[in-house]
There are 2 protein chains.
Amino acid sequence: MDVARKDIHNSQIPVVCRSCEARHGGVCGALSSGQLIELNRHSVRREVSAGCEIVGQGEAVCRYSSVLRGVVKLSKMMSDGRQQIVGLQFSPDFLGRLFLHESTLTAEAATDTEICSFPRPILDRMIAETPELGHRLHSQALQELDDARDWMLTLGRKTAQEKVASFLYMIATHIDPDSADCATFDLPLSRADIGDFLGLTIETVSRQITKLRKLGIITVENNRHVTVPDLDRLNTAAGND
Amino acid sequence: MDVARKDIHNSQIPVVCRSCEARHGGVCGALSSGQLIELNRHSVRREVSAGCEIVGQGEAVCRYSSVLRGVVKLSKMMSDGRQQIVGLQFSPDFLGRLFLHESTLTAEAATDTEICSFPRPILDRMIAETPELGHRLHSQALQELDDARDWMLTLGRKTAQEKVASFLYMIATHIDPDSADCATFDLPLSRADIGDFLGLTIETVSRQITKLRKLGIITVENNRHVTVPDLDRLNTAAGND
DNA sequence: CGTTATCTTGACTGCTGTCAAGTTATGTGG
DNA sequence: CCACATAACTTGACAGCAGTCAAGATAACG
């Protein structure tokens, strides 16, 4: 490509956006350079460390965000404290509930994360102006719905062993999407979080991880670092054929 | 309203659509009379009796539908036969997976139902032409996502008693939306289906219904007809405060 | 009225939760 | 770098809730 033309092209894109992941797969990829410049004027890029809340259940949502790095957990809590994680968001996922004033759930950083957030009214307007943007968000919503329904099968019908294997398989394929047959990764969630995701207690999660280790399906170092020598075998243990 | 004008207005709407529920809350409400006439030329209105499949898991989706009457259950099945119902669709819900060639789940009539179905390409084109239509479908998808995530909390963290109470409360508020404090309705699902929705066995569902009866929270006639004298009490039994 | 499907109830088993103790990581100040 | 404190995780013993298997009751249907 002509270097001069490339420079001209890049000069139309805000500096902070140039190397941003969300500009390709994420919402910003659907914006014109003019829209990107405008959105960027009002957006805030910030680090959120593990455990910090991004939005609370029932809170008014006045900003949307893109996940740039790390993992965000979406959860719901009952009044007596019982909790269920209902989804995980990875880069470059969009974060925020369109068409509704209040958030229906809590969003919290599971690992140290980086997010880029922008005022709601500006994006709402851009959605109305840009069909491609609405389409992307619609498409992501339907993908999340498919994921949620897959997880309902896991929660309702699988054994503890299959649940833990399903979780590990999901993480392996999300974090390390290249490798087809084996995978290595750091767990983004604590045992407590895994329990809240799978509808199990910490103890049961721990016991099932130990069993998978003894079966040779996974190896674990330092509690968080997992290696899966054979993804198909893990997938079978997850009950998926 | 002037009778003559009303006649002129109605003459622009296909006869079969005039008294159709889906024309207001459903997708057709977002269409111009011209679009409605065109869509109607290609649409088929048909009865589907209880237990009949509308689309199968993994099948190509070549038609979308609106639910006009009755209840449609959406379910997923594992290879060994374990099944999970992941959603119920009532009139005037839209049925079909946008932006994806294959259905990710099975749709089956839970009760005797009536649906209006139309070719996929025609609606896809209308969505591209009509922002309001895309917006409605997007909005319904997000509502279904909220519902799915609420149900994940039920599946993962509630007891059998709370699950059954949650199910009855959900049905009561969907079928009989008028009455604020008490409700009477016919269950649209068999005990087996309720089990598949709640991640329980038939026997456990039956036992919990018996318990709720003995507690005076519900009364049941002929197995299917339920009366809830105090919805708040049922909601408390469901674990929602 | 008989047959079949659906639902209920009972007895018992087993998986997962609860409670408790022990072990391994992580982080901090000396 | 080490000692200590704290958090996170693992393991064990036991209990209880929901599943399994079996029989009986009720409703639906021809």
Side-chain angles (χ1 to χ4, degrees), chain A residues 49-52 73 78 80-84 110-112 154-168 186-215 218-226 237 239, chain B residues 49-52 73 78 80-84 110-112 154-168 186-215 218-226 237 239:
Chain A
S49 41
C52 292
K73 60 185 198 202
M78 293 173 65
D80 62 4
R82 280 176 285 177
Q83 199 177 12
Q84 176 69 45
T111 63
D112 290 341
T154 299
L155 288 173
R157 289 305 186 191
K158 291 189 181 176
T159 64
Q161 174 92 160
E162 291 170 331
K163 284 180 178 181
V164 172
S166 297
F167 172 76
L168 293 172
D186 280 314
L187 284 175
L189 266 55
S190 67
R191 300 293 188 271
D193 281 340
I194 297 173
D196 282 342
F197 200 11
L198 296 169
L200 299 172
T201 59
I202 294 180
E203 295 92 330
T204 300
V205 172
S206 182
R207 274 186 257 269
Q208 298 304 332
I209 287 179
T210 301
K211 276 193 191 170
L212 289 171
R213 245 188 330 104
K214 291 188 175 161
L215 288 169
I218 59 170
T219 59
V220 182
E221 295 164 83
N222 293 346
N223 290 337
R224 286 289 187 112
H225 192 74
V226 177
Chain B
S49 41
C52 292
K73 59 185 198 203
M78 293 172 66
D80 62 3
R82 281 177 284 176
Q83 200 176 11
Q84 176 69 44
T111 63
D112 291 341
T154 300
L155 288 173
R157 289 304 184 192
K158 291 189 182 178
T159 64
Q161 175 92 151
E162 291 169 330
K163 285 180 176 180
V164 172
S166 296
F167 172 76
L168 293 172
D186 280 314
L187 284 175
L189 265 56
S190 67
R191 299 293 187 271
D193 281 340
I194 297 173
D196 282 341
F197 199 13
L198 295 170
L200 299 172
T201 59
I202 294 180
E203 295 92 327
T204 301
V205 172
S206 182
R207 274 186 258 269
Q208 297 305 333
I209 287 179
T210 301
K211 274 192 192 169
L212 289 170
R213 244 189 329 105
K214 289 186 176 164
L215 288 168
I218 58 170
T219 58
V220 182
E221 295 163 84
N222 293 347
N223 290 336
R224 286 289 188 115
H225 193 73
V226 176

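Being a predicted model, the structure only gives us computed values, none of them experimental. All chains are named by letter (A, B, ...) in the order of the sequence lines, taking the proteins before the strands, and each is independently numbered beginning at 1.
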K.L.:
When you measure from the side chain of A/Gln84 to the backbone of A/Phe197, do you find a donor-acceptor pair of N or O atoms at a distance under 3.5 Å?
P.N.:
yes

K.L.:
Sugar-phosphate means primed atoms, P, OP1 and OP2; the rest is base. With that split, encode nucleotides 8-24 of chain C 5' to 3' as B, S or - using protein heavy atoms under 4.0 Å.
P.N.:
BBBB----SSBB-----

K.L.:
Do you know which two heavy atoms are closest between B/Gln83 and B/Asp196, and how far apart they sit?
P.N.:
OE1-OD2, 3.3 Å

K.L.:
Which atom pairs, one a donor and one an acceptor, fall under 3.5 Å between side chains of residues 204-214 of chain A and the rest of the protein, sequence neighbours left out?
P.N.:
unit_1: A/Thr204; atom_1: OG1; unit_2: A/Thr201; atom_2: OG1; d: 3.1
unit_1: A/Gln208; atom_1: OE1; unit_2: A/Gln161; atom_2: NE2; d: 2.4
unit_1: A/Thr210; atom_1: OG1; unit_2: A/Ser206; atom_2: O; d: 3.0

K.L.:
In whole angstrom, give the distance that lies between atom CG of B/Leu187 and atom P of C/dT6.
P.N.:
15 Å

K.L.:
Please list, chain by chain and in numerical order, all residues satisfying salt bridge (Lys or Arg N to Asp or Glu O under 4.0 Å) with A/Glu203, sequence neighbours excluded.
P.N.:
none

K.L.:
Using the C1' atoms of five pairs at each end, what's the angle between the two axes of the helix from C/dC1-D/dG30 to C/dG30-D/dC1, to 10 degrees?
P.N.:
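Computed angle between terminal axes is 40°.
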
K.L.:
Which residues pass the salt bridge (Lys or Arg N to Asp or Glu O under 4.0 Å) test with A/Arg82, sequence neighbours left out?
P.N.:
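Residues passing salt bridge (Lys or Arg N to Asp or Glu O under 4.0 Å) with A/Arg82: A/Asp80, B/Glu162.
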
K.L.:
In whole angstrom, give the distance that lies between atom NE2 of A/His225 and atom C1' of C/dT26.
P.N.:
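Result: 18 Å.
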
K.L.:
For DNA chain D, which nucleotides open and close the run of contacts to chain A, 5' to 3', at under 4.0 angstrom from a non-hydrogen atom?
P.N.:
D/dC9 to D/dA13

K.L.:
Identify the heavy atoms of A/Arg157 and B/Leu200 that sit nearest to each other, and give their distance.
P.N.:
NH2-O, 3.1 Å

K.L.:
Taking all atoms of both residues into account, what is the closest heavy-atom pair of B/Ala110 and B/Ala50, and its distance?
P.N.:
O-CB, 3.6 Å

K.L.:
Can you name the nearest heavy-atom pair linking B/Lys163 to B/Leu198, along with the distance?
P.N.:
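The answer is NZ-O, 3.1 Å.
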
